[in-house]
Amino acid sequence: MGDDDEKGWILDSLVNFLRGPVWNVPILTFIEHKSLIFEAGVDENEDHHKIHEEYKTLVDFMLGSYMEDMGINPEQFESACGKASMNTPFHQTLFEQVWAADDFEIFKRMMIQKNIELQLQALEILQQRYGIIPDSFIPADDMPEGEQEVLEQVMKKSLEEHDALQAELDAESRDLEKALVESKAEKERLEGERAREKEMLEKALKMSTDAQVDSEPREALPNIHSNDIDPAELKRRQEYLKGQRDKLLKLKQLEREKQLAAYEESAPQKRPKSSRAARKVLAGSTIDAQTLQVRKALAERLKAEVIGE
């Protein structure tokens with residue numbers, strides 16, 4: 001195998017790793033669980049920056065475990081990222097995940113958007129249980145690989161347990177839940193926030209990649225208010241929905257762990273160290289902080305692919 005072929009193989013192998021469950025399960029689980037304190041319109045604070053540092057450590061830890069599995073050193077990795085051509089397609093979501101470790105603004109926007117998406121998913125699950133919308137999710141263009149399957153399994157379990165879940169609710173909670181799923185106001189509010197945050201994330205990505213940023217002011221998205229609902233009632237509904245979001249997180253983590261277990265069973269010797277690393281993260285174990293320049297080399301390579309350099 002020639003030098004260029006070897007470098008191309010390293011890079012393509014890495015992209016396949018980023019697309020698989022060994023990377024996605026711990027990364028997406030971290031993003032979702034830690035996104036809960038990232039609210040739209042709330043100023044950044046010390047906790048936000050602390051979580052960003054934890055995310056950097058996680059990304060470095062998982063990339064380091066991948067290199068150990070592949071038997072390559074940082075110099076080989078950086079050389080492959082700098083010179084090899086990439087033949088394996090990748091979704092921009094992967095670029096966002098890696099680049100967010102080096103750019104707090106991208107990280108913050110990614111986390112806020114994820115928090116909003118989780119609330120929308122929780123609301124859609126409630127609406128599907130009540131038969132208000134069809135029993136299936138419309139796949140999102142930016143959904144990471146395997147996530148559609150996770151959502152479908154969560155929905156299936158939720159529908160199967162609908163009667164039992166209803167029996168556990170008191171009358172007040174049941175009425176609140178029904179009012180929430182029948183009202184359009186909350187879904188429109190969340191969809192409006194998601195659209196804003198997606199636009200802000202795209203702007204942050206463009207600024208970070210030194211691409212041309214459109215300076216023309218964009219049309220403001222309308223704020224969604226409902227004049228016929230008491231503000232206190234609206235707040236109760238929003239807090240209830242966040243509780244449903246938290247329950248959704250637990251179900252999604254269980255499904256992701258099943259994905260990881262299925263992968264490990266099908267390829268037990270393929271990536272033993274990175275699989276153990278993923279398990280360690282999911283178990284909540286402390287991981288060693290590492291400063292890996294390979295993260296920046298990878299981010300630059302993906303950036304070049306995204307902007308076509």
Side-chain angles (χ1 to χ4, degrees), residues 28-29 31-42 111-144 146-198 220-258:
L28 291 177
T29 298
I31 290 172
E32 288 190 342
H33 282 260
K34 299 292 186 176
S35 73
L36 304 188
I37 70 167
F38 288 79
E39 298 275 357
V42 175
M111 298 296 272
I112 294 173
Q113 185 171 316
K114 181 57 66 177
N115 190 353
I116 296 168
E117 286 175 356
L118 286 170
Q119 292 179 66
L120 274 168
Q121 289 172 5
L123 181 57
E124 287 188 7
I125 287 176
L126 285 175
Q127 290 178 327
Q128 288 171 16
R129 290 206 321 236
Y130 281 83
I132 293 175
I133 59 177
D135 295 347
S136 63
F137 281 97
I138 299 174
D141 292 338
D142 57 354
M143 188 175 290
E147 279 302 283
Q148 180 67 18
E149 181 182 348
V150 167
L151 285 172
E152 288 174 352
Q153 290 301 316
V154 168
M155 171 51 57
K156 180 180 178 182
K157 185 176 182 63
S158 178
L159 291 174
E160 290 173 350
E161 297 178 351
H162 177 61
D163 292 340
L165 292 170
Q166 281 290 298
E168 294 177 358
L169 297 177
D170 55 37
E172 183 179 1
S173 297
R174 196 176 296 116
D175 289 343
L176 179 61
E177 187 174 277
K178 190 172 182 181
L180 177 63
V181 300
E182 290 179 348
S183 172
K184 294 182 179 179
E186 184 62 12
K187 188 170 185 179
E188 289 176 346
R189 180 187 72 83
L190 288 169
E191 287 175 339
E193 286 187 355
R194 179 174 62 179
R196 289 187 190 89
E197 288 303 322
K198 185 174 183 180
L221 293 163
N223 287 314
I224 303 300
H225 296 287
S226 183
N227 296 325
D228 57 350
I229 302 177
D230 179 72
E233 174 66 12
L234 275 176
K235 184 173 179 58
R236 287 177 63 236
R237 292 183 188 181
Q238 290 172 10
E239 290 302 318
Y240 186 84
L241 182 58
K242 288 178 180 179
Q244 296 301 306
R245 171 202 62 190
D246 296 348
K247 293 178 181 179
L248 170 63
L249 280 178
K250 295 178 182 179
L251 292 174
K252 291 180 78 173
Q253 179 167 346
L254 289 174
E255 290 301 322
R256 290 207 188 99
E257 289 174 353
K258 290 179 183 177

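Not measured: the values here are computed from a predicted model. Note that these values count all heavy atoms, side chains included, but never hydrogens, waters or copies made by symmetry.
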Quiz item: Say you draw a straight line from CZ of Arg189 to CD1 of Ile116; how long is it, rounded to the nearest 0.5 Å?
Solution: 8.0 Å

Quiz item: Which value, rounded to the nearest 0.5 Å, describes the distance between Leu118 atom CG and His33 atom NE2?
Solution: 9.0 Å

Self-check item: Student check: side-chain heavy atoms of Leu180 and Gln238 closer than 4.5 Å
Solution: no

Quiz prompt | Short side-chain donor-acceptor distance under 3.5 Å, Gln153 and Glu149 | solution = no

Quiz item: Heavy atoms, side chains only, cut-off 4.5 Å: are Glu193 and Gln119 in contact?
Solution: no

Practice problem: Inspect the contact between Glu32 and Lys252 and indicate whether a charged nitrogen and a carboxylate oxygen are less than 4.0 angstrom apart. | Solution: yes

Quiz prompt | Non-hydrogen atoms of Glu124 and Met155 that approach each other most closely | solution = O-CE, 4.4 Å

Quiz item: Under a 4.5 Å cut-off applied to non-hydrogen side-chain atoms, are Gln127 and Lys187 in contact?
Solution: yes

Exercise. Would you give the length of the straight line joining atom CZ of Arg256 to atom CG of Leu251, rounded to the nearest 0.5 angstrom?
Key: 11.5 Å

Quiz item: Under 4.0 Å between a Lys/Arg side-chain N and an Asp/Glu carboxylate O for Arg236 and Glu239?
Solution: no

Tell me which donor-acceptor pairs under 3.5 Å the side chains of residues 242-250 have, and how far apart each pair is, sequence neighbours excluded?
residue : atom : partner : partner atom : Å
Lys242  : NZ   : Glu39   : OE2          : 3.1
Arg245  : NH1  : Asn115  : OD1          : 2.7

Quiz item: Just wondering, do Val150 and Leu28 contact through their side chains at under 4.5 Å, heavy atoms?
Solution: no

Self-check item: Flag side-chain contact, heavy atom, 4.5 Å: Leu126 against Arg129
Solution: yes

Quiz prompt | side chain to side chain donor-acceptor pair (under 3.5 Å) partners for Arg174, two or more places apart | solution = none

Quiz item: How long is the span from the CE atom in Met111 to the CD1 atom in Ile37, to the nearest 0.5 Å?
Solution: 7.5 Å

Quiz item: How about Glu117 and Leu190: do any of their side-chain heavy atoms sit closer than 4.5 Å?
Solution: no

Self-check item: Nearest-0.5 Å distance that lies between atom CD1 in Ile31 and atom NZ in Lys114
Solution: 7.0 Å

Exercise. Output the distance between atom NZ (Lys258) and atom CD (Gln253), rounded to the nearest 0.5 Å.
Key: 12.5 Å

Quiz prompt | Short side-chain donor-acceptor distance under 3.5 Å, Glu177 and Tyr130 | solution = yes

Quiz item: Could you go step by step and tell me if Glu233 and Arg237 meet the salt bridge (Lys or Arg N to Asp or Glu O under 4.0 Å) rule?
Solution: CA-CA 6 Å; Glu233 174 66 12; Arg237 292 183 188 181; 3.3 Å; yes

